[in-house]
Amino acid sequence: MYVATPPECAGARPGTERTALGLARVEYQEFDGGGGFQPQDRIYFSDLMAAYGRTVRPGYFDGTRVTFRDMAEGMLPRLLPHHDRFDLALLASVTSDAEAGRPLCYLAHTLSHIGLAYGVADQGAGSAFTALRMAAAGVRQDGARSVLLLMMDQAAVPHADPVPGRLAADRNAVVALVLGTEGDLASVTPLPAVRVAPGGAGERLRGTLASLRADGRPLTLIAGPGLTPHLPDHPADEVVTAPGGRPCTAAWSLLARGLPAWRAVGRRVVLADYDPDFSRLSLCTVDTARVGTGP
């Protein structure tokens, strides 16, 4: 049984707590090809589309697909030695999976130990940040020591309706973060989400970044695809913009690629994205330590 404390009894107002998570591992991987569809997939997706007054896109079942389970299975060996025991697991996605079922159930049958497992969807560009705040809550409130956070993009779309460019995936990709109390690559702190209209997103971001630079430390901003159109001029010492086509993983893949160089100079990195449908600005900080100096 899982028992949660009501927010009014927990002390701080919900969403205001800030918990730093140790980053033990970050990996990024893309997947090509994939397998074909099974007979039960035709039934599932046809019924699913019919429930919303839609039909399955012509030719959908003739192609291939890479499922969330495929990507989890391919990623786990890359996390050695942090691959087998987690107190909390989360899967964040913007796109849907390409098969029926719950992919996190695969982890329960594969890992030596897994505690609670959650899927985070229907959050638009903020899905990964919502999952990160849940990871922080798991460490802060439930005593989780090791957390697996998977972020996934999946390119096979079963319907023919247009998908907004900022939410469309053109490849299959996964980012894995191993977080907890003992990670020493960096300190990851999710910030409270901010509700702001599209016209004010840039200035709100500028103000937040200014406060994060108050100690004079050089700052790198990784801007997600949804935030790029709203960027103010010169918001940070370095700005890296994530490409489209990977709404959930693009910004975090840049963190995986750039972390060794940023650790070498002890850089503070801010990841941020904006979703106009939710009017939500999402941010987190990644404080790196110079290699050899400790967190």
Side-chain donor/acceptor of [X] to backbone N/O of [Y], under 3.5 Å:
X	Y	result
Ser146	Gly180	no
Asp153	Thr249	yes
Arg268	Thr285	no
Ser46	Ile43	no
Arg217	Asp215	no
Arg42	Phe37	no
Ser279	Asp275	no

Do [X] and [Y] land in one hydrophobic cluster if side-chain heavy atoms of ILVMFWY residues count as linked below 4.5 Å?
X	Y	result
Leu254	Tyr28	yes
Leu132	Met75	no
Val120	Leu148	no
Leu150	Leu88	no
Tyr44	Tyr106	no

**Prompt:** Given the rule in the side-chain contact (heavy atoms from CB on, under 4.5 Å) test, do Val174 and Met152 qualify, once you have shown the distances and angles that lead to the verdict?
**Reply:** CA-CA 4 Å; Val174 57; Met152 294 189 179; 3.8 Å; yes
Do other residues, nucleotides or ligands put more than 12 heavy atoms under 6.0 Å from the [atom1] atom of [X]?
X	atom1	value
Asp32	CG	no
Arg206	CZ	yes
Arg257	CZ	no
Asp122	CG	no
Arg57	CZ	yes
His234	NE2	no

Would you indicate whether the side-chain heavy atoms of [Y] and [X] approach each other to under 4.5 Å?
X	Y	result
Val139	Leu179	no
Thr67	Pro103	no
Ile222	Val286	no
Phe129	Leu271	yes
Phe68	Leu104	no
Leu76	Leu107	yes
Asp161	Arg54	yes
Glu99	Gln38	no

Kindly compute the distance separating [atom1] ([X]) from [atom2] ([Y]), expressed to the nearest 0.5 Å.
X	Y	atom1	atom2	answer
Asp97	Asp70	CG	CG	8.5 Å
Leu191	Leu212	CG	CG	6.5 Å
Glu182	His82	CD	NE2	9.0 Å
Asp41	Leu48	CG	CG	11.5 Å
Arg85	His113	CZ	NE2	5.5 Å
Glu27	Leu177	CD	CG	10.5 Å

**Message:** Testing Asp87, Leu90, Leu21, Thr181 one by one against Val147 for a side chain to side chain contact (heavy atoms under 4.5 Å, CB included), which residue passes?
**Reply:**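 Testing each of Asp87, Leu90, Leu21, Thr181 against Val147, the sole residue satisfying side chain to side chain contact (heavy atoms under 4.5 Å, CB included) is Leu90.
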If I compare all heavy atoms of [X] with all of [Y], which pair ends up nearest, and what's the gap?
X	Y	value
Gly33	Val66	O-CG2, 3.6 Å
Ser93	Ser127	O-OG, 3.1 Å
Leu167	Ala125	CD2-N, 4.4 Å
Ala242	Gly224	CB-CA, 4.1 Å
Ala92	Ala128	CB-CA, 3.8 Å
Ala201	Leu281	O-CD2, 4.3 Å

**Message:** When you compare the side chains of Gln154 and Arg65, does any donor N or O come within less than 3.5 Å of an acceptor on the partner?
**Reply:**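 There is no such pair between these side chains.
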**Request:** Taking atom types as modelled, find out whether Tyr274 and Arg204 have a side-chain donor-acceptor pair closer than 3.5 angstrom.
**Result:** no
**Asked** What's the verdict on side-chain contact (heavy atoms from CB on, under 4.5 Å) for Val194 and Thr208, showing C-alpha distance, side-chain angles and the deciding distance?
**Response** CA-CA 10 Å; Val194 178; Thr208 300; 5.6 Å; no
**Asked** When you look at Val175 and Leu255, which way does the side-chain contact (heavy atoms from CB on, under 4.5 Å) test go after all the steps?
**Response** CA-CA 10 Å; Val175 170; Leu255 175 67; over 6 Å; no
**Message:** I'd like to know whether Arg267 forms a salt bridge (charged side-chain N to carboxylate O under 4.0 Å, His left out) with Asp237, so could you lay out the CA-CA distance, the side-chain angles of the two residues, the decisive distance to 0.1 Å, and finally the verdict.
**Reply:** CA-CA 10 Å; Arg267 181 63 62 97; Asp237 300 283; 5.6 Å; no
**Message:** Using a strict threshold of under 4.0 Å (side-chain N to carboxylate O), is an ion pair present between Arg166 and Asp273?
**Reply:** no
**Message:** For Tyr60 and Phe45, take the angle between the two ring planes, folded into 0 to 90°, and tell me which bin it lands in: parallel under 30, tilted 30 to 60, perpendicular over 60.
**Reply:**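 Perpendicular, since the angle between the ring planes exceeds 60°.
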